[in-house]
Engineer: 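Attaching a single structure in structure tokens format; questions to follow.
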Amino acid sequence: MRLASCLLLAAAVSACPAPKSGESAPPVIHAASMPVGSPPGSAGAGPVVGGDKPSLPSAKAVSATTPRIDELPPVFVDAAERITAAAQGRTRAWELLAVLSDTFGHRLSGSRALERAIDWSIEQMKRDGLDNPRREKVMVPHWVRGAERARVVAPIERDLVILGLGGTVGGKVRGEIAVVDSLAEIATRGAELRGKIVVINQPMPRFDHERHETHYGETVRIRGSGASEAAKVGAIAVLIRSVTANSLRSPHTGALRYEDGVKKIPAAAVTLEDAELLARLARRGKTTVELSLGAKTLPDSPSANAIAELRGRELPDEIVLIGGHLDSWDVGDGSTDDGGGCMMAIEAAALLKELGLVPRRTIRVVLFTNEENGLRGAKAYHAAHGKEKHVAAIEADTGSGAPRGFGISGTPEEVAAVQRFAPLFEGLGASVLEAGGGGADISPLTKDGVLSLGLHPDASAYFDLHHSPADTFDKIDPDHLERNAAAMALMAFVLAER
């Protein structure tokens, strides 16, 4: 009877109509640049507008050898039924995220808010009855944003909406802007950009629903390398078009990387709307901008990874890691990136504990510190635990959209072995198991050859919120969050039990 119930539940989920493309979406700027003086609607053909997180891989069909659910071992079918049933109507992960987001807000490395959130998370895992909840010390960068302002001062006067890029130097500059359409164009124009404020107006293409492609990986290079590339040709500052495809005048921050031996210049992101404004003004003639950034970098600060375990019953020294990163940028409250992923991991372990599903191997929850601007938590975890036997690692760091499944990095044989379990996830709407996945925090383990999985929810709106003031708790759907947590619990159980 339980198997029949599971199959009926899966059918019900798959029968639910998918939202129409664009349904309930707010009006946003998309953005092929319009020629100066052209009336609305007359834009010619041009680029569609629009790392620390890779683009999600295109979905690949599950192998034709995937068994029916009744052909899988009963222990896994039983776990799938129980976890799927327990997730229905449950909102615990959402309630925990509300407490995290409302109580502590954004959690930048070096901040008191992050340290308080770490302590709270450890106490929560202790309340859930997990084993050995603890802090493991990590020294993290301590960058402080300070006051920021940018404005056009000629030929018009207009304030710009900006966010300094993470790690930028501070400073005040005034100069003529030079607009480029791509990162590559900086080197091509060379000395022409000397003494200018370079505006990189490279759009991020819109989300490709057919291939589930975000285009983030190909666009984020303007943020990571733009400042150093501009400095090489003598620019005095850089403004990048925010790395997003959609905007309601929301700027998006994120880490930059200054190249060794290259002068550090101030760098900030502007909104899509302001990037287009600057491009139009520059095409008409000389345009002057004032930029003031109060950023500074303080000495490294003590922080920690928050860790607890569901100890395995037979092979406790073999580990399946599940987690996300608890730090966030200093805008919004970090619910999407990545408070939700952390609450999924806490809830996944709690679900298994409540249901009495203790697997053969240990499931270890790791809430990493400092993913956003240093990966110090990932590096410290690997230094402390890399020699332990990790049989798999699962990271949730692409938002809390409707569940889809997982991306898997491993040998072809390992990927195929995991794909055989796809029918177990149908009741949660998470049965797309595709090659290619993982995450930044588990990447040191991935390099060691550990089977690595990334939880892959629907990411079509993820980069609309990512690293922006719009990343707030109200964007989180409680059912989506809970079913993603349940999918993580089920995958962790399968990998720790098989």
Side-chain angles (χ1 to χ4, degrees), residues 22 25-50 145 148-165 168 175-183 185 196-207 214-216 219-220 222-223 226 237-254 266-293 329 331-332 460-472 475:
V28 291
I29 181 172
H30 300 311
S33 297
M34 188 179 296
V36 178
S38 297
S42 67
V48 181
V49 175
R145 179 175 301 282
E148 300 177 328
R149 189 183 185 197
R151 60 194 302 265
V152 181
V153 294
I156 62 172
E157 294 188 2
R158 184 79 53 84
D159 286 336
L160 303 172
V161 180
I162 67 164
L163 279 175
L165 298 185
T168 184
E176 182 182 355
I177 64 170
V179 180
V180 298
D181 295 327
S182 68
L183 187 64
E185 188 181 336
K196 305 288 181 60
I197 297 174
V198 172
V199 179
I200 308 176
N201 189 29
Q202 179 176 330
M204 179 171 166
R206 297 189 67 187
F207 185 83
T214 66
H215 301 287
Y216 178 72
T219 312
V220 73
I222 67 173
R223 191 190 76 209
V238 69
L239 298 173
I240 71 159
R241 180 193 186 103
S242 285
V243 182
T244 182
N246 302 316
S247 179
L248 290 172
R249 214 172 180 216
S250 296
H252 294 241
T253 189
V270 297
T271 66
L272 273 59
E273 295 88 340
D274 286 348
E276 290 293 305
L277 168 66
L278 293 173
R280 292 194 301 273
L281 292 174
R283 284 197 294 270
R284 296 184 187 125
K286 181 177 178 179
T287 301
T288 303
V289 164
E290 288 181 345
L291 173 66
S292 175
L293 299 181
W329 283 108
V331 291
S460 57
Y462 177 69
F463 288 106
D464 298 352
L465 308 173
H466 179 253
H467 295 184
S468 82
D471 181 0
T472 49
K475 313 301 191 306

Engineer: Distance-only, no hydrogens or angles: does the E148 side chain make a donor-acceptor pair with backbone N or O of G164 under 3.5 Å?
Structural biologist: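 Side chain of E148 to backbone of G164: a pair is present.
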Engineer: Output the distance between atom CD (E176) and atom OG1 (T288), rounded to the nearest 0.5 Å.
Structural biologist: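 Going from CD on E176 over to OG1 on T288, the span is 6.5 Å.
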Engineer: Test your reading of the model: is there a side-chain donor-acceptor pair from K475 to the backbone of A470, 3.5 Å cut-off?
Structural biologist: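 The answer is yes, because a donor-acceptor pair under 3.5 Å joins these two groups.
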Engineer: Once you round to the nearest 0.5 Å, how far does OG1 of T244 lie from NE2 of H215?
Structural biologist: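 That separation rounds to 12.5 Å.
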Engineer: Are V289 and V199 packed together at the side-chain level, in the sense that at least one heavy-atom pair is separated by less than 4.5 angstrom?
Structural biologist: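 Not touching, per the 4.5 Å side-chain cut-off.
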Engineer: I need the minimum non-hydrogen distance between L277 and R158, along with the two atoms involved.
Structural biologist: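 L277 and R158 have their closest heavy atoms at CD2-NH1, 3.9 Å.
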Engineer: Determine yes or no for a side-chain-to-main-chain donor-acceptor pair under 3.5 angstrom, with S182 supplying the side chain and V180 the backbone.
Structural biologist: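 Pair absent, no side-chain N/O of S182 close to backbone of V180.
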Engineer: Can you tell me which residue among N201, D181, T271 is in a side chain to side chain donor-acceptor pair (under 3.5 Å) with R241?
Structural biologist: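 Result: among N201, D181, T271, N201 is the only option passing the side chain to side chain donor-acceptor pair (under 3.5 Å) with R241.
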Engineer: Tell me whether T168 contacts the main-chain N or O of A267 through its side chain, where contact means a donor paired with an acceptor under 3.5 Å.
Structural biologist: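 The answer is yes, because a donor-acceptor pair under 3.5 Å joins these two groups.
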Engineer: P469 and P251: which non-hydrogen atoms are nearest, and at how many Å?
Structural biologist: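 Smallest heavy-atom distance, with atoms named: CD-O, 3.3 Å.
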Engineer: Could you state the interatomic distance from CG (L239) to CD1 (I200), rounded to the nearest 0.5 Å?
Structural biologist: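 Answer rounded to 0.5 Å: 9.0 Å.
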Engineer: Below 4.5 Å, heavy atoms only, C-beta onward: do R206 and N246 meet side chain to side chain?
Structural biologist: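 Answer yes - side chains close enough.
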Engineer: Below 4.5 Å, heavy atoms only, C-beta onward: do Q202 and I240 meet side chain to side chain?
Structural biologist: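 A side-chain contact under 4.5 Å is absent here.
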Engineer: Verify, without hydrogens or angle tests, whether H252 (side chain) and A269 (backbone) share a donor-acceptor contact under 3.5 angstrom.
Structural biologist: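 No, because the side chain of H252 does not come within donor-acceptor range (under 3.5 Å) of the backbone of A269.
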Engineer: For A150 and I162, which heavy atoms make the closest approach, and how far apart are they?
Structural biologist: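 Of all heavy-atom pairs spanning A150 and I162, the closest is CB-CG2, 3.7 Å.
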Engineer: Using atom types as modelled and distance alone, determine if a side-chain donor or acceptor of E273 lies under 3.5 Å from a backbone N or O of R249.
Structural biologist: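 Pair found, side chain donor or acceptor close to backbone of R249.
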Engineer: Does the side chain of S242 come within less than 4.5 Å of L163's, by heavy atoms?
Structural biologist: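 When only atoms from C-beta onward are counted, S242 and L163 do not touch, as no gap falls below 4.5 Å.
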Engineer: Find out whether L291 and P266 are in side-chain contact, i.e. whether some heavy atom of one side chain is under 4.5 Å from a heavy atom of the other.
Structural biologist: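 Sidechains of P266 and L291: in contact.
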Engineer: If you round to the nearest 0.5 Å, how far is CZ of R145 from CG of L165?
Structural biologist: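 Rounded to the nearest 0.5 Å, the CG-CZ separation comes to 8.5 Å.
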Engineer: Identify the heavy atoms of D159 and D274 that sit nearest to each other, and give their distance.
Structural biologist: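 For D159 and D274, the tightest heavy-atom pair comes out as O-OD2, 4.5 Å.
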Engineer: I need the K286 NZ to L281 CG distance, nearest 0.5 Å.
Structural biologist: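 With rounding to 0.5 Å, NZ (K286) is 14.0 Å from CG (L281).
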Engineer: Are any of the side-chain heavy atoms of L272 and P203 separated by less than 4.5 Å?
Structural biologist: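 SC-SC contact between L272 and P203 ruled out.
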Engineer: Do any N or O atoms from the side chain of S250 and from the backbone of S247 form a donor-acceptor pair under 3.5 angstrom?
Structural biologist: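 No, S250 side chain to S247 backbone: no donor-acceptor pair under 3.5 Å.
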Engineer: Do R223 and H467 have side chains that approach each other closer than 4.5 Å (heavy atoms only, starting at C-beta)?
Structural biologist: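 Yes - at least one pair of side-chain heavy atoms lies under 4.5 Å apart.
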Engineer: Does the side chain of F463 come within less than 4.5 Å of V243's, by heavy atoms?
Structural biologist: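 No - every pair of side-chain heavy atoms lies 4.5 Å or more apart.
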Engineer: Restricting to non-hydrogen atoms, name the atom on L278 and the atom on I177 that form the minimum distance, rounded to 0.1 Å.
Structural biologist: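 Taking L278 first and I177 second, the nearest heavy atoms are O-CD1, 3.7 Å.
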Engineer: What heavy-atom pair brings P205 and T219 nearest, and what distance separates the two atoms?
Structural biologist: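 Where P205 meets T219 most closely, the heavy atoms are CD-OG1, 3.8 Å.
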Engineer: For D471, give me all partners under salt bridge (Lys or Arg N to Asp or Glu O under 4.0 Å), at least two apart in sequence or on another chain.
Structural biologist: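 Counting only residues at least two positions away or on another chain, D471 forms no salt bridge (Lys or Arg N to Asp or Glu O under 4.0 Å).
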